[in-house]
4 protein chains.
Amino acid sequence: MSDIGHNSVNTDTAKRLLSIIERIERLEEERKALGDDVKDIYKEAKSAGFDAPTIRLIIKRRAEDEAKREEREALLETYLAALGQLADTPLGKAAQERF
Amino acid sequence: MSDIGHNSVNTDTAKRLLSIIERIERLEEERKALGDDVKDIYKEAKSAGFDAPTIRLIIKRRAEDEAKREEREALLETYLAALGQLADTPLGKAAQERF
Amino acid sequence: MSDIGHNSVNTDTAKRLLSIIERIERLEEERKALGDDVKDIYKEAKSAGFDAPTIRLIIKRRAEDEAKREEREALLETYLAALGQLADTPLGKAAQERF
Amino acid sequence: MSDIGHNSVNTDTAKRLLSIIERIERLEEERKALGDDVKDIYKEAKSAGFDAPTIRLIIKRRAEDEAKREEREALLETYLAALGQLADTPLGKAAQERF
DNA sequence: GTTGATCTTATTTCTC
DNA sequence: GAGAAATAAGATCAAC
């Protein structure tokens, strides 16, 4: 094995590592910028007379509701898939007619 | 004051609050998406044989203010030196064995 | 099998389950109490002018297997060296500035 | 200032640091031992045919119930205290009669 | 044996 | 700035 070949492998590895690091750093920067934007909105909200903790609570509740809704939808989907399996059976046909 | 006027104030306030909430939610969604992207990169790194915690450490060091990092390391050295100082005392001897 | 016999099996099972649950809860309570004690000591440390994260780091190092720690540090050195290797390339020069 | 005096301050500080560290380590050891005990019980439970995640869930629910119960009691206490304030008023007297 | 998932711990962020 | 809450990180454990 030549040193050149050996070094090129290391260099490729190093480049890949650097690429990984820089991509993460880039994404984290964007993440931070978004976080700052959120802060600005809270500041604006406060100026408009709204209470930050209350807004946080509302957002939290909406997220929870959303999660519940998605859970229900997933359940419905599962149910419909199960029905699909039964579509060729008499029981399935009867069930489908009820939709 | 007319009811119409009164209601329009409330409606405007409600609209503004809703706008604030939705903008925050939108930004948080983007933030979450970026977070998921970061996770994916760490997964990719792992697949390529890199150690995630070490990568995190490198990123932390790159992000960290040089002065701050040196301060932190100096503090660690100070504490370790203080503990080392006890090495000649009976109490310290026992502790020393753990380093 | 008589109903009486059947029920006694269920009762025994329930009792055993309850015993398991209560023993776990008891242990978890003690665990929590110890955790609170630890928190108190960190608070005391802070009051005495010590830096909690640094103390955590020292405790981690003391606990950590010496071999493991050296391995981790060696890995960090390897990664940094790999990145340093790129220092003579255009790509590396840009990265280098961040160290 | 004499070196002796100076060193004694440092030594005292070092001793205090060591004391802090060792107390934390001692507590963490106990905590770990308790954690191992918990694990043993889960193992025992599994051997007896019980499902660990289910047991965890039950314990979680019991803890939540307990928290709620305490919250209700705190609320009741607050209410009773408020009633106490009213004890000398006609309204308070009427309310108390309803208990 | 390796990924996924859960659970705990640690840091950061927010509120008061 | 102190305490509490949320988020992120790490470790451990189960399942495939």
Side-chain angles (χ1 to χ4, degrees), chain A residues 24 27-28 31-32 34-43 45-46 50-61 63-64 67, chain B residues 24 27-29 31-60 63-64 68 72, chain C residues 24 27-28 31-32 34-49 51-61 63-65 68-69 72 75, chain D residues 24-25 27-29 31-32 34-36 38-43 45-47 50-57 59-60 63 67:
Chain A
I24 291 171
L27 291 169
E28 292 291 5
R31 245 164 77 81
K32 195 191 172 313
L34 289 174
D36 290 345
D37 290 348
V38 170
K39 261 186 217 156
D40 285 346
I41 297 180
Y42 275 112
K43 253 173 67 182
K46 193 178 174 184
F50 296 115
D51 176 60
T54 301
I55 291 178
R56 279 178 210 281
L57 184 59
I58 291 171
I59 289 172
K60 194 180 181 181
R61 291 276 163 82
E64 284 166 1
Chain B
I24 291 172
L27 291 169
E28 293 291 4
E29 255 175 61
R31 242 166 80 81
K32 193 190 175 315
L34 289 174
D36 290 344
D37 289 348
V38 170
K39 260 188 217 154
D40 286 346
I41 297 179
Y42 275 112
K43 243 174 77 181
E44 175 200 326
K46 193 181 173 184
S47 297
F50 294 112
D51 179 65
T54 302
I55 291 178
R56 277 179 211 281
L57 186 55
I58 290 173
I59 290 172
K60 195 176 180 181
E64 206 170 40
K68 199 177 159 192
R72 194 207 294 251
Chain C
I24 291 172
L27 290 169
E28 292 292 4
R31 243 166 78 82
K32 195 191 174 312
L34 289 173
D36 290 344
D37 290 349
V38 170
K39 261 188 215 154
D40 286 346
I41 297 179
Y42 275 112
K43 243 174 77 182
E44 175 199 326
K46 194 179 173 185
S47 297
D51 179 63
T54 301
I55 290 177
R56 275 180 210 282
L57 185 56
I58 291 173
I59 288 173
K60 196 176 178 179
R61 286 175 67 149
E64 203 171 40
D65 191 71
K68 197 176 160 194
R69 192 184 112 218
R72 194 139 56 85
L75 197 58
Chain D
I24 291 171
E25 284 175 341
L27 291 169
E28 292 291 4
E29 260 172 55
R31 246 165 79 79
K32 193 188 174 316
L34 289 174
D36 290 344
V38 170
K39 262 187 216 157
D40 285 346
I41 297 179
Y42 275 111
K43 254 173 65 182
K46 196 179 173 183
S47 297
F50 297 114
D51 178 61
T54 303
I55 292 178
R56 279 179 210 281
L57 185 59
I59 289 173
K60 196 178 180 181

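Throughout, a chain's letter reflects where its sequence line sits, starting with A, and its residues are numbered from 1.
Straight-line distance from the NZ atom of D:K39 to the C1' atom of F:dA14: 13 Å, rounded to whole Å. For the pair C:K68 NZ and F:dA11 C1', the interatomic distance rounds to 9 Å; values are reported in whole Å. If you take CD of C:E64 and P of F:dG10, they are 13 Å apart, rounded to a whole angstrom. The CD1-P distance, from D:I24 to E:dT9, rounds to 14 Å in whole Å. The distance from atom CG of C:L57 to atom P of E:dT9 is 18 Å, rounded to the nearest whole Å. Nucleotide E:dA10 holds its P atom 9 Å from the CD1 atom of C:I59, rounded to whole Å. The distance between atom CD1 of A:I41 and atom P of E:dC14, rounded to the nearest whole Å, is 13 Å. B:R31 places its CZ atom 9 Å from the P atom of E:dT13, with the value rounded to the nearest Å.
Residues satisfying the side chain to side chain contact (heavy atoms under 4.5 Å, CB included) criterion with D:D36, sequence neighbours excluded, are D:K32, D:K39. Residues that satisfy the ring-ring contact (aromatic ring centres under 6.0 Å, His included) test with C:Y42, not counting sequence neighbours, are absent from this structure.
In this structure, D:S47 contributes its side chain and D:K43 its backbone to a donor-acceptor pair below 3.5 Å.
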Any chance you could list the contact pattern along nucleotides 1-7 of chain E? Use B for base contacts, S for sugar-phosphate-only contacts and - for none, protein heavy atoms under 4.0 Å, 5' to 3'. --S---S
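A salt bridge is absent between C:R61 and C:E64: the closest approach of a Lys/Arg side-chain nitrogen to an acidic carboxylate oxygen does not fall below 4.0 angstrom.
Separating the CZ atom in C:R56 from the CD1 atom in D:I24 is a distance of 7.5 Å, to the nearest 0.5 Å.
Minimum heavy-atom separation, C:R31 to D:L34: N-CD1, 3.6 Å.
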